[in-house]
Amino acid sequence: MSELKGTWSGTFNQYSHDINGSFPVKLTIDAISGAEFTGAMEWPSFDGTRTKVKGMVDGPLIKWTETEYLKGDDAVLGGLYVARFSADNEIAGDWMDPKHTITPKGPRYGTRGADFVLKKE
């Protein structure tokens, strides 16, 4: 868990909500308690929109969702990010579109709306 704490940056490749594009994104995990964590995501392309993040580690999976806006409002709240370590200091996964049914307990998480790769800074 402790290796998750810190700032992760990379690219979010979206193909849902009538958007087809790649956007820089930054995930900062600042607090960890047991298997749960909190932090924020920053979207520089969307006027610096920032969102609050709440997540958990579930076996090999790292799951989180954006729960509220801290600045701006140009992100989709309620989507489920499902990632795993793809290399040392790198996580990769999918973002499940909240306009479809999502059950964080799985095994199906909803409909993929994007994929991403984040590297620890």
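Being a predicted model, the structure only gives us computed values, none of them experimental.
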### Task
Give every residue pair that meets the ring-ring contact (aromatic ring centres under 6.0 Å, His included) criterion with at least one member in residues 50-77, sequence neighbours excluded.
W64-Y81, W64-F116
### Query
Heavy-atom distance under 4.5 Å between the side chains of P24 and S45, does that happen here?
yes
### Task
Specify the closest pair of heavy atoms between G10 and L118, including all atoms of both residues, with the distance to one decimal.
N-CD2, 3.6 Å
### Task
Would you mind reporting whether V25 and F46 have side-chain heavy atoms less than 4.5 Å apart?
no
### Message
Tell me which pairs pass salt bridge (Lys or Arg N to Asp or Glu O under 4.0 Å) where either residue lies in residues 69-96, with sequence neighbours left out.
### Response
E90-K119, D94-R112
### Task
Answer yes or no: is there a donor N or O on one side and an acceptor on the other, between the side chain of K120 and the main chain of E3, under 3.5 Å?
yes
### Query
Is D30 close to T38 at the side-chain level, that is, under 4.5 Å between some pair of heavy atoms?
yes
### Query
Do any N or O atoms from the side chain of T65 and from the backbone of G79 form a donor-acceptor pair under 3.5 angstrom?
yes
### Query
If you take all heavy atoms of S9 and K26, which pair is closest and at what distance?
CB-CG, 4.1 Å
### Task
Mind listing the closest non-hydrogen atom pair of G72 and T49 along with its distance?
CA-OG1, 3.9 Å
### Task
Considering non-hydrogen atoms only, spot the tightest contact between E66 and A75 and give its length.
OE2-CB, 4.1 Å
### Message
Using side-chain heavy atoms (C-beta onward) and a distance below 4.5 Å, is F12 in contact with M41?
### Response
no
### Message
Ignoring hydrogens and geometry beyond distance, is a side-chain donor-acceptor pair present between T7 and E121 at under 3.5 Å?
### Response
no
